[in-house]
Amino acid sequence: MIKLTRKLSPGFAIVLFVIAGLFTGPLAAQSLNVDIVGGLKTATPIVVVPFAQQGGTPLPTDVADVMRNDFNRSGKFRSLAKSDIVESPSKGSEIKFATWRLLKQDYIVVGNIKETGNGMVQVEYELWDVNKQQSLLHQAMPPVPVGDLRSVAHQIADIIYQKITGVRGAFWTRIAYITAVGVGNNTTYSLIVADSDGYNPQVVARSKESLLSPRWSPDGKKIAYVSFESGNSAIYVQNITTGSRQLVEAHAKGINGAPAWSPDGTKLAVALSYVGNLELFVLDLATHKETRLTHNLAIDTEPVWAPDGKSIYFTSDRSGQPQIYQIPATGGTAQRISFQGQNNADAAVSYDGKQIAMVQGNGNVYRIAIMDKSLGNQVRFISPGPLDGSPSFAPNASMLLYSATEGRREVLYAVSDDGLVRQRLVLADGDVREPSWGPYRQN
Amino acid sequence: MNKTVRVALVALLCVGAAACTKKEVKSPPPPPAPEAPVAQTPPPVSNGKYTPADLDTDACLRQRVVYFDFNKTEIKPEFQQIIACHAKYLQDRPTARIRLEGNTDERGTREYNLGLGERRGDAVSSALQAAGGSASQISVISYGKEKPVCREHNEACWSKNRRVDIVYTAQ
């Protein structure tokens with residue numbers, strides 16, 4: 001923790017503070033303030049030159065700026081500050097490589113935006129290797145409405161990220177989280193969906209009672225979550241495009257909680273206590289058939305599927321303290337897999353199944369720990385605590401979201417998988433919690 | 001009012017007051033050593049049955065919160081008397097219904113704490129039934145850490161959130 005704090009010292013910290021006051025309609029949610037703490041000397045230097053605009057009215061989005069923030073947040077890149085960008089080439093033939101070599105940049109991105117009529121714009125960009133003076137990418141993106149420029153910027157950042165790192169980018173993705181605004185009985189809870197950088201927040205559901213545990217369906221079209229709006233906990237599945245909602249678990253007695261989608265999207269693992277004790281079940285969404293997985297006097301909850309769909313990780317206190325266990329998805333014997341720390345809970349699994357993130361508690365300090373199966377189950381911490389929770393992997397596992405408590409409020413952090421670069425997402429008024437990173441977008 | 005009841009009430013109020021004011025205390029405030037005689041005292045009203053009016057006036061019945069130690073679901077001896085008088089009320093008033101609302105402090109994950117809050121509610125439910133209440137009169141709901149009564153990050157506050165609220169839904 002001390003080491004982490006030192007590395008994040010303001011010395012070379014990149015601090016961006018963006019206040020987005022976007023209230024675009026009844027469904028617009030309160031925006032998150034975004035700032036980035038940290039920065040890495042080992043990160044790859046890249047310059048994203050402001051994109052030239054060919055005529056027309058000023059655009060609402062600085063495409064290069066969106067890309068720079070994406071790159072910085074990833075921890076893999078360090079993009080040159082806009083104020084240090086001394087020349088403004090907009091195509092490869094205009095780049096003076098000596099200038100950017102002097103500024104110690106490895107890669108340069110240039111581009112331009114042109115209006116194609118009817119409020120549509122088209123972005124064309126090029127990626128060049130500064131040292132080799134070699135063109136790596138040159139592409140014109142499909143025309144889009146002006147309002148979708150942020151999406152285009154994220155998509156270009158993804159392509160560049162993949163070209164340089166070999167890993168698919170996950171900037172053009174969405175996140176879901178819960179906000180709580182107000183005090184006591186006047187608290188309003190909202191389930192929000194936003195872009196991966198916190199922009200474009202939209203309310204999916206709103207309640208005067210607690211909402212928790214949002215989870216994206218694998219196709220990114222639905223979110224399962226728990227709501228206390230009926231008095232007791234109940235599990236809903238909501239289509240985020242149409243808003244239509246289905247009540248899937250609402251036993252009158254006990255907890256209906258902790259939904260987790262199977263990788264094929266046909267089932268939900270859930271935690272139910274109508275049987276007298278909190279146990280894991282698998283609910284088939286087509287037949288509504290429940291299959292009980294655990295039989296135990298302990299608390300069994302927080303299921304999450306392994307990517308192959310064959311097993312389920314979950315939290316159980318059958319050994320006394322909460323720990324992470326793994327059980328076949330069809331039932332059977334559970335194996336304990338977490339052994340470091342006093343207690344571990346709320347597992348999240350990376351897309352390849354190699355990394356398991358969890359909340360590890362030691363004394364009164366709760367931090368996000370990642371157990372790496374490819375490194376002999378070595379455990380590393382990626383958050384400083386003291387009350388961190390709800391880890392969620394980006395679909396490429398290069399970053400995670402988690403919740404933290406700062407003073408009297410809850411905030412979200414996006415953190416690089418090495419824990420060295422963190423971006424804070426703060427609600428102007430109220431708490432933000434329970435983040436869930438959505439899958440790659442199809443559209 | 002029975003004298004021992006009054007002593008117990010005073011002792012409980014002191015717990016609350018200590019928990020409210022000693023924010024600087026790092027280590028868990030020791031739960032007040034309940035005077036042995038209090039814990040062993042039989043239910044307060046030994047002759048005559050409770051009436052709904054007693055819910056507002058009886059010193060024991062007015063106590064509607066059972067507090068717990070960290071990560072624990074055992075009912076501490078000092079709360080046995082509260083359990084006993086509410087159990088007697090349930091016995092005296094078969095149409096009475098109560099909802100036990102289980103809660104936890106902020107440490108630990110939300111879904112796990114839902115489980116922990118339910119366990120606490122179940123513990124109070126079992127104790128009420130052991131003392132004469134009927135299962136059909138009691139329901140349990142867990143809010144986990146969703147409904148804290150105190151929002152500071154210290155033991156004084158946490159100790160107030162680790163609780164089961166006894167709510168009468170029918171008197």
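The basis for the numbers below is simple: all heavy atoms, side chains too, and nothing from hydrogens, waters or symmetry mates. Here is the naming used below: chain letters follow the sequence lines, and residue numbers restart at 1 for every chain.
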If you count heavy-atom pairs within less than 4.5 Å of chain B, which of [options] leads?
options	answer
Thr301(A), Asp317(A), Asn277(A), Asp300(A)	Asp317(A)
Gly361(A), Gly257(A), Ala180(A), Pro322(A)	Pro322(A)
Asn232(A), Val359(A), Val226(A), Thr187(A)	Asn232(A)
Glu209(A), Lys253(A), Arg433(A)	Arg433(A)
Asp346(A), Thr315(A), Ile255(A), Asn343(A)	Ile255(A)
Ser273(A), Ser403(A), Ser316(A), Gly389(A)	Ser273(A)

Taking atom [atom1] of [X] as the centre, does the number of heavy atoms from other residues, nucleotides or ligands within less than 6.0 Å exceed 12?
X	atom1	value
Lys208(A)	NZ	yes
Arg292(A)	CZ	yes
Leu247(A)	CG	yes
Arg336(A)	CZ	yes
Lys222(A)	NZ	no

Who in residues 131-142 of chain B is close to chain A, using a strict under-4.5 Å heavy-atom cut-off?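 Ile141(B), Ser142(B), listed by number.
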
Listed by residue number, which members of residues 105-126 of chain B have a heavy atom under 4.5 Å from any heavy atom of chain A?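 Within residues 105-126 of chain B, the residues that come under 4.5 Å of chain A (heavy atoms only) are Glu106(B), Arg107(B), Gly108(B), Thr109(B), Arg110(B), Glu111(B), Tyr112(B), Leu114(B), Gly115(B), Leu116(B), Glu118(B), Arg119(B), Asp122(B).
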
Where on [X] is there a heavy atom nearer than 4.5 Å to chain B: the side chain, the backbone, both, or neither?
X	answer
Thr405(A)	side chain
Ala345(A)	both
Glu279(A)	neither
Leu387(A)	side chain
Asp388(A)	neither

Atom OH of Tyr189(A) and atom CD of Glu146(B): how far apart are they, to the nearest 0.5 Å?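 The CD atom of Glu146(B) is 6.5 Å from OH of Tyr189(A), to the nearest 0.5 Å.
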
